[in-house]
There are 2 protein chains.
Amino acid sequence: MPTLSEVARHAGVTPATVSNVLRNRGRVGESTRQRVLEAVDALGYRPHLAARALAEGRAPTLALMVSSIANPFYPEFALAVERAARTSGHFVIICNTNEDPLTGRAYLDQIAGTLSEGVLVTNANLQFADLHVTESRGTPVVLCMWERPNEPPGLPCVAVDFRLAGELAGKHLLELGHRRIGAIVGSKASGIHAARYEGFVDALRAAGVRKNRVKHAADTIQGGYSAARELLEADPQLTAIFATNDLPALGAMHAAADLGLTVPADLSVMGITDIQLARESRPALTTVAVPTVEVAGLAVSLLRELIESSYGQAGPGEANVPMRISSPPKLVVRASTGTPRSR
Amino acid sequence: MPTLSEVARHAGVTPATVSNVLRNRGRVGESTRQRVLEAVDALGYRPHLAARALAEGRAPTLALMVSSIANPFYPEFALAVERAARTSGHFVIICNTNEDPLTGRAYLDQIAGTLSEGVLVTNANLQFADLHVTESRGTPVVLCMWERPNEPPGLPCVAVDFRLAGELAGKHLLELGHRRIGAIVGSKASGIHAARYEGFVDALRAAGVRKNRVKHAADTIQGGYSAARELLEADPQLTAIFATNDLPALGAMHAAADLGLTVPADLSVMGITDIQLARESRPALTTVAVPTVEVAGLAVSLLRELIESSYGQAGPGEANVPMRISSPPKLVVRASTGTPRSR
DNA sequence: TTGAAAGCGCTAACAC
DNA sequence: GTGTTAGCGCTTTCAA
């Protein structure tokens with residue numbers, strides 16, 4: 001691969017001039033400019049990104065930490081992040097923690113601040129302590145899907161009102177006439193879905209429904225499947241199941257199918273998020289949509305700002321920790337919910 | 001972030017010694033070794049990967065080119081690639097081409113050889129010419145899912161016998177007694193599923209079935225859905241649908257549902273690949289499994305070899321282009337196929 | 001066993 | 001306008 005100096009030699013100028021031409025810095029005469037461009041072309045020169053990163057003291061990549069790329073939500077989110085990142089010339093390195101805090105920390109240790117100049121964190125089971133460490137080392141961190149706008153996490157974040165999402169789900173089911181509703185709370189391990197469930201319970205309370213069955217589960221189709229079966233065995237009179245995420249909701253639909261129940265005639269099912277599969281399932285899943293693309297955009301731009309300001313003044317950043325709030329979740333009614341029918 | 005020299009100063013040695021300690025190079029006295037390690041710890045030193053990359057002349061990352069991370073096959077594959085890559089200390093940069101050759105080329109131009117020292121290519125709609133260019137610039141390239149073991153592509157690759165996959169699918173359906181089978185051929189644009197369809201047709205021919213309906217479609221659930229509806233409208237007597245990929249097969253199942261057909265009683269449906277969703281759909285999808293994890297492993301290790309040898313002797317590599325062949329695809333019978341029933 | 005020195009490819013002052 | 005110079009943080013000969 002040709003280097004800057006080779007291009008310079010070829011064009012009869014110095015490396016600095018080539019650099020100037022390439023980045024439109026400093027004044028360069030039109031004729032030399034042409035000569036340089038020709039040389040670049042002739043040699044097929046491409047800047048060495050690692051060298052540039054070293055010289056500039058900043059890297060052209062952002063790291064995106066996810067718990068598992070196998071959960072279809074994350075690829076969707078990653079795609080949105082990538083699109084947003086490209087607008088500022090950033091590449092995205094996707095880091096799978098596989099729900100393992102140690103793997104997460106290892107990634108942070110290695111790439112934060114050296115290969116990437118900023119870190120985006122989704123529910124990746126990371127220790128906040130580790131995140132604070134990388135932040136204190138000068139690499140900005142943004143939490144992408146903070147679930148409680150009213151309780152800032154002490155780290156820059158984009159918050160989504162997930163309590164509201166749960167409430168909207170509960171209201172929808174109540175309005176259809178359901179009173180015996182089972183709940184599946186995903187992300188058992190991290191407990192990150194608590195706000196969603198609280199919102200759901202709030203809705204029930206407001207309607208005078210004082211209790212309901214709950215089952216905690218893994219945030220997967222399989223997890224939802226098992227939980228739904230247990231719920232339905234424990235109380236065959238359930239007319240609806242609310243899951244805190246689309247994946248377990250999909251699993252609940254499968255469980256219904258295997259139990260000979262028709263959705264929504266025998267059992268209504270709904271989730272939260274509106275991943276692509278929600279649209280593509282049969283029956284199509286009713287859900288509360290979270291503005292994924294918007295969140296990705298907000299997160300990337302917040303991270304960008306933090307990066308810029310971190311180069312401005314030294315130090316771990318200003319005193320107040322910024323938080324962006326996404327537009328509220330919205331109910332999306334599809335085919336998996338309907339009025340209850342007595343069984 | 002502390003640098004090597006700071007650690008060195010702290011330990012009362014020179015940067016070279018610290019470097020030696022960190023990489024177990026050169027002989028270092030046990031006592032200095034300890035002192036250095038302590039300093040590393042005390043300062044929280046982490047090597048600057050970009051600087052190291054520059055000094056070593058090689059990057060710690062691999063690029064994985066995919067057409068769309070929204071297609072659930074790719075995340076699964078990416079995960080397998082990431083796992084394999086980590087064993088050699090490589091990070092993976094996932095590059096979404098979004099089926100656009102220009103985006104693909106832009107990625108190649110920017111990161112190949114500068115941010116990443118090797119490129120893994122899945123069906124990302126890349127021009128072979130572009131791949132040859134990056135190869136000739138000294139960055140090894142490996143095609144991950146070459147569909148025709150008998151027709152080497154002129155680029156290092158891992159081949160999977162997809163013709164056989166199609167044949168196995170055809171045979172399975174024939175053995176169940178199906179004779180009127182519709183086919184959905186995915187990846188319309190790239191034509192990359194041709195071998196699968198050929199295998200399917202071969203199986204039909206061998207059984208004396210001379211014609212069948214085909215429909216080309218996008219490699220998505222939606223694409224399969226539309227194609228299946230058209231197929232079923234054109235010939236309501238179809239008793240089975242074979243799709244060259246799981247995603248369109250899933251779409252075909254949805255189409256059946258919307259048309260009031262029960263799978264598999266009224267219509268058998270099957271695909272190829274065995275993505276996770278195939279297991280998780282209702283009914284669970286019969287398919288021909290491709291050894292995804294194995295392919296990822298083979299691809300990464302081949303790429304690693306090419307990288308090593310490219311540092312050994314200069315030049316674009318040896319004359320013979322290596323090809324690894326995965327173990328053969330295997331039929332996985334689940335619940336979406338059964339014996340035909342006359343309608 | 002350790003240190004000195006050069007250089008990876010590029011950028012950024014600053015001088016000419 | 002263009003060249004000179006000094007690094008960015010690390011590795012790696014080669015001397016000592």
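Naming: A, B, ... by sequence-line order, numbering from 1 per chain.
Among pairs with a residue in residues 69-94 of chain A, those fulfilling ring-ring contact (aromatic ring centres under 6.0 Å, His included) read A:Phe73-A:Phe77, A:Phe91-B:Tyr107, at least two apart in sequence or across chains. Applying the ring-ring contact (aromatic ring centres under 6.0 Å, His included) test to every pair with at least one member in residues 3-62 of chain A, sequence neighbours left out, gives no pairs at all.
In the 5' to 3' direction, nucleotides of DNA chain D lying under 4.0 Å from heavy atoms of chain A begin and end at D:dG1 to D:dG9. A nucleotide of DNA chain C counts as in contact with chain A when one of its atoms lies under 4.0 Å from a heavy atom; the first and last such, 5' to 3', are C:dG9 to C:dA12.
Residues that satisfy the side chain to side chain contact (heavy atoms under 4.5 Å, CB included) test with B:Arg83, not counting sequence neighbours, are A:Asn98, B:Leu79. Looking at residues two or more places apart in sequence or on another chain, you find no salt bridge (charged side-chain N to carboxylate O under 4.0 Å, His left out) involving A:Glu294. B:Ser187 pairs by the side-chain hydrogen bond (donor to acceptor under 3.5 Å, both in side chains) definition with B:His193, not counting sequence neighbours. The side chain to side chain contact (heavy atoms under 4.5 Å, CB included) test applied to B:Arg33 returns B:Val21, B:Asn24, B:Val28, B:Glu30, B:Leu37, not counting sequence neighbours. Considering only residues two or more places apart in sequence or on other chains, A:Arg148 meets the side chain to side chain contact (heavy atoms under 4.5 Å, CB included) condition with A:Trp146, A:Glu151, A:Ala194, A:Ala195, A:Glu198.
Within residues 37-56 of chain A, the residues approached by DNA chain D to less than 4.0 Å at the level of any non-hydrogen atom are A:Leu54, A:Ala55, in residue-number order.
Here the closest heavy-atom approach between residue A:Asp130 and residue A:Pro101 is recorded as OD2-O, 4.5 Å. Contact between B:Leu303 and B:Val141 at its shortest, heavy atoms only, is CD1-N, 4.3 Å.
Among the heavy atoms of the strands lying under 4.0 Å from A:Thr3 are primed sugar atoms or P, OP1, OP2 only; no base atom is included. Residue contacts for A:Gly57: at a heavy-atom cut-off of 4.0 Å it reaches no nucleic acid atom on any strand shown. B:Thr32 comes within contact range of the sugar-phosphate backbone alone, with a heavy-atom separation under 4.0 Å but no base atom that close. In this structure, B:Ser19 reaches the bases: a heavy-atom distance under 4.0 Å links it to at least one base atom across the strands shown.
In this structure the side chain of A:Val158 never reaches within 4.5 angstrom of the side chain of A:Leu143, judged on heavy atoms.
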Side chains of residues 12-19 of chain B: which donor-acceptor partners sit under 3.5 Å, not counting sequence neighbours?
residue	atom	partner	partner atom	Å
B:Thr14	OG1	B:Thr17	OG1	3.4

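Judged by distance alone, with hydrogens and angles left aside, the side-chain atoms of A:Asn96 form a donor-acceptor pair with the main-chain N or O of A:Ile69 at under 3.5 Å. A distance-only check finds no donor-acceptor pair linking the side chain of B:Arg46 to the backbone of B:Thr3 [under 3.5 Å].
Each of B:Pro2 and A:Ala16 was assigned the nucleotide of DNA chain D with the nearest heavy atom; the assignment lying further toward the 5' end belongs to A:Ala16.
Helix bend of the helix from C:dT1-D:dA16 to C:dC16-D:dG1: the angle between its two end axes, each built from five pairs, comes to 40° after rounding to 10°.
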